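In what follows, every chain begins at residue 1, and chains take the letters A, B, ... in the order their sequences are listed. Fair warning: this is a prediction, and the values are worked out from it, not measured in the lab.
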Amino acid sequence: MATNAEIAACFEELAVLSEILGANVFKVNAFRRAARAVEGLAQEAASVPVAALKEIDGLGASTAAKIHEFGASGTMSELEELRAQVPAGLKEVLAIQGIGPKTARAMWQELGVVDLATLKVAIDAGKVATLPRMGEKSIAKMKEAIAFAESARGRIRLGEAMPLADALVAELGALSGVQRIAYAGSLRRGRDTIGDLDILAAASDPAELMRAFCERGEVARVLGHGETKSSVLTKSGVQVDLRVVPLDRFGAALMYFTGSKDHNIRMRERAIAQGLRLNEYGLFREGAHGEVPDGAVPIAAATEEEVYAALGLDWIPPTAREDRGELDQFARGARESRVAGASAVRMLALADIRAELHCHTRASDGSMTIDEIVAEAERRGFHTIAITDHSKSQFQANGLDETRLRAHIEAIHAARERFPKMQIWAGSEVDILSDGSLDYADDVLAALDWVVASPHAALKQEPRLATDRLMKAITHPLVHVIGHPTGRIVNGRPGLEPVMSELYAAAKEHGTALELNSHHMRLDLRDVHVRAAADAGCMIAINCDVHAINDFDELRYGVLTAERGLLPVAQCLNALDAKALDAWRRKKRP
DNA sequence: GCCGTTTTCGGCCCGACTGTTTTCAGTCG
């Protein structure tokens, strides 16, 4: 089975290796774009016909052929050729901050550096200092960067980055002279992991803000410190970039620093096609020689909306800025025809969520009582809560056997008297065992109001087995939702890799919802899955998998992921009103 | 390698910062 992740990794490696070999930078970029195009694909790329692949932005004849070659043989011949030429360890050398393709290539070909170990030896022997433009400071920086790389933590999870960014924005925003401040980058786009934090500010005294930023107690090292741009490394190992721009250019800058890089490139190309130039200071009219004259006044710059509008676009939500066709989708005319036609669709927003359908009490591995959970759901304006403690196979999570479960159902139903306004369901998060059977017999499941079926063990199963396993649960007449369908942990484990298209079709046919688990460790389904499932007509349940009171706050990550998946509000179970949700539930209880 | 409202070749986004330079190459985002 050739997964999109594997194919994307091949294109990324092709980019890195050809970069070291000194290939045309545009060819290198083309490989990188192909990697991202495959990553963002909802279907399995290897099963898409060549002609259809070539229609996808960023893929062409050559990359489409490579995708099929990988599907058939498990590798790409051009990649194998490059691997034979370039020492494998050079990839980790190129990954060091400050070392680019030119430097890596020179160190390899002239000094015999083949990996981090030989690089360190070459530095200590004074050989690196013999290369052109390689002075004392460069060497010192390189040493620091190597030390950091050896202890680095890589990309951090959305749910770790967001609280850091919120705190930083609040702290810097409180300084006098700060007129506006916001986080940008992949965090604002809601990606499941974040490489570094990008903070954008407008301030009456930029130098003073820069100084305050670099001297914070949290800062371990200052990577760069300029008049408008500084980068620091925090003690927790996170890189934070701060950029300061004039207030009247804030929108253009926010757009630029939100990215994605590919989205920005599309926007600049669009500007050029209209005789305009776009940069982080605004949208400008070109001078006589295609240049922007010094001191030119921008056509648009203060807000993102006006920049998009000046280029004939509606404001594009950050979550959609991934170069996946959004410029066509948000073109002015396109939207009018969308709205005019019957196909006008409203996308999901945080305030639409009115139910939590997956949570755990002290009966299994949660920390709250039934009443505490229901009270919190009510406080948050929800109309429905489903209590779904673990089933008996989850020993480590204190899963309930049949006897305890029957008592628990009674206790949950008894809570209805104390919370008359809430719709309270007695449910279970039933294990989908490795063969696809469920952890309780049908008569037990039938006694429950609500059944979430989830895979917890055997998460390294072969794709075919995993598909069959999940299909059994999806087609089971008593199952309402498949919980965290792949079982992946962000930055932890990949989880199952079933043939998703089969799952979507079955889920639609059998009226079973698929969960988007909001917990930042899971975010499962992930964004591209949500998009494909929504296109296939599935219902999606966005749940927090609540174990403790603060877990309700994870919802923002689930909703960001749903936005990235372009989930229409009508296809989100948790956005139905209480009556409609109950009617949907009863379809599984004949 | 991709792409086309100057189309099948000749382009390909743009600016800040750093260090080693006396005007800029390399790297990054």
The residue among A:Arg157, A:Arg564, A:Arg488 that forms salt bridge (Lys or Arg N to Asp or Glu O under 4.0 Å) with A:Asp192 is A:Arg488
Measuring only the C1' atom in each nucleotide, how far is B:dG1 from B:dT6? A whole number of Å is fine. 22 Å
Across all chains, not counting sequence neighbours, the side chain to side chain donor-acceptor pair (under 3.5 Å) partners of A:Glu554 are A:His520
Sorted by chain and residue number, the side chain to side chain contact (heavy atoms under 4.5 Å, CB included) partners of A:Glu171 (sequence neighbours excluded) come out as A:Arg216
Nearest-angstrom distance, P atom, B:dT21 to B:dG26 = 13 Å
Residues in residues 100-116 of chain A with a heavy atom under 4.0 Å of DNA chain B, by number, are A:Gly100, A:Pro101, A:Lys102, A:Thr103
Discussion item. Could you check whether A:Glu69 and A:Ser77, counting side-chain N and O atoms only, form a donor-acceptor pair closer than 3.5 Å?
Written reply: yes
For A:Glu227, I'd like to know if atom CD has over 12 heavy atoms of other residues, nucleotides or ligands within 6.0 Å. no
Atom OH of A:Tyr256 and atom P of B:dC13 are separated, to the nearest Å, by 12 Å
When rounded to whole Å, the CZ to C1' distance for the pair A:Arg268 and B:dC13 reads 5 Å
For A:Ala45, the side chain to side chain contact (heavy atoms under 4.5 Å, CB included) test, sequence neighbours excluded, returns A:Asn4, A:Ile7, A:Val38, A:Leu41, A:Ile67
A correct 5'-to-3' footprint of nucleotides 1-12 of chain B, with B, S and - meaning base, sugar-phosphate only and no protein heavy atom under 4.0 Å, is BSS--------B
Margin query: Between B:dT8 and B:dC2, how many Å separate the two C1' atoms, rounded to a whole number?
Written below: 12 Å
A:Glu13 meets the side chain to side chain contact (heavy atoms under 4.5 Å, CB included) criterion, sequence neighbours left out, with A:Leu17, A:Leu79, A:Arg83, A:Lys91
From CG of A:Leu131 across to P of B:dT20 the rounded distance in Å is 13 Å
Between B:dG15 and A:Tyr281, counting only base atoms on the nucleotide and side-chain atoms on the residue, is there a donor-acceptor pair under 3.5 Å? no
Using Watson-Crick geometry (N1-N3 plus N6-O4 or O6-N4) or G-U wobble (N1-O2, O6-N3), each under 3.5 Å, B:dT8 is paired with none
* Would you indicate, yes or no, if B:dC17 has its OP1 or OP2 atom less than 4.0 angstrom from a side-chain nitrogen or oxygen of A:Thr228? => yes
Sorted by chain and residue number, the side chain to side chain donor-acceptor pair (under 3.5 Å) partners of A:Arg268 (sequence neighbours excluded) come out as none
For B:dG15 versus B:dG10, give the span between their P atoms, rounded off to a whole number of Å.
-> 26 Å
Expected label for B:dT6 (glycosidic angle, syn inside 90° of 0, else anti) would be anti
Margin query: Pairing donors with acceptors under 3.5 angstrom, does anything connect the side chains of A:Thr75 and A:Ser73?
Written below: no
Residues 248-260 of chain A vs side chain to side chain donor-acceptor pair (under 3.5 Å), sequence neighbours excluded, gives A:Arg188-A:Thr258
Kindly list each side-chain donor-acceptor pair under 3.5 angstrom involving residues 125-148 of chain A, sequence neighbours excluded, with atom names and distances?
| residue | atom | partner | partner atom | Å |
| --- | --- | --- | --- | --- |
| A:Thr130 | OG1 | A:Lys127 | O | 2.5 |
| A:Glu144 | OE1 | A:Arg221 | NE | 3.4 |
| A:Glu144 | OE1 | A:Arg221 | NH1 | 2.3 |

**Prompt:** Rounding to the closest angstrom, what is the interatomic distance between B:dT20 and B:dA25 at atom C1'?
**Reply:** 10 Å
A:Lys141 atom NZ is separated from B:dG19 atom C1', nearest whole Å, by 8 Å
For nucleotides 21-23 of chain B, list the nitrogen or oxygen atoms of the protein found under 3.5 Å from its nitrogen or oxygen atoms, one pair per line.
none

In whole angstroms, the gap separating C1' of B:dG26 from CD of A:Gln97 amounts to 13 Å
When rounded to whole Å, the CE to P distance for the pair A:Met142 and B:dG19 reads 12 Å
Taken to the nearest whole Å, CG/A:Asp262 to C1'/B:dC14 is 14 Å
A:Glu208 meets the side chain to side chain donor-acceptor pair (under 3.5 Å) criterion, sequence neighbours left out, with A:Arg211
Open item on the list: Roughly how many Å apart are B:dC13 and B:dC17, using the P atom of each and rounding to a whole number?
Closed with: 22 Å
Hits for salt bridge (charged side-chain N to carboxylate O under 4.0 Å, His left out) against A:Arg32, two or more places apart or cross-chain, chain-then-number order -> A:Glu12, A:Glu19
- Would you mind classifying the nucleic acid contact of A:Ile96 as base, sugar-phosphate or nothing, using non-hydrogen atoms under 4.0 angstrom? sugar-phosphate
Of A:Glu227 and A:Asn29, the one whose nearest nucleotide on DNA chain B sits closer to the 5' end is A:Asn29
- So does A:Lys261 get a side-chain nitrogen or oxygen closer than 4.0 Å to the phosphate oxygens (OP1/OP2) of B:dC13? no
| Are OP1 or OP2 of B:dC17 and a side-chain N or O of A:Ser231 less than 4.0 angstrom apart? | no
Assign each of A:His225 and A:Gln239 the nucleotide of DNA chain B bearing its closest heavy atom; nearer the 5' end lies the nucleotide of A:His225
Scan side-chain atoms only and decide if A:Arg191 and A:Ser186 contain a donor-acceptor pair under the 3.5 Å cut-off. no
Rounded to whole Å, CG of A:Leu242 lies from P of B:dG29 at a distance of 15 Å
Checklist line | Whole-angstrom distance between B:dT5 and B:dC12, as gauged at atom P | finding: 16 Å
- [ ] Indicate whether OP1 or OP2 belonging to B:dC13 is found under 4.0 Å from a side-chain N or O atom of A:Asn264.
- [x] no
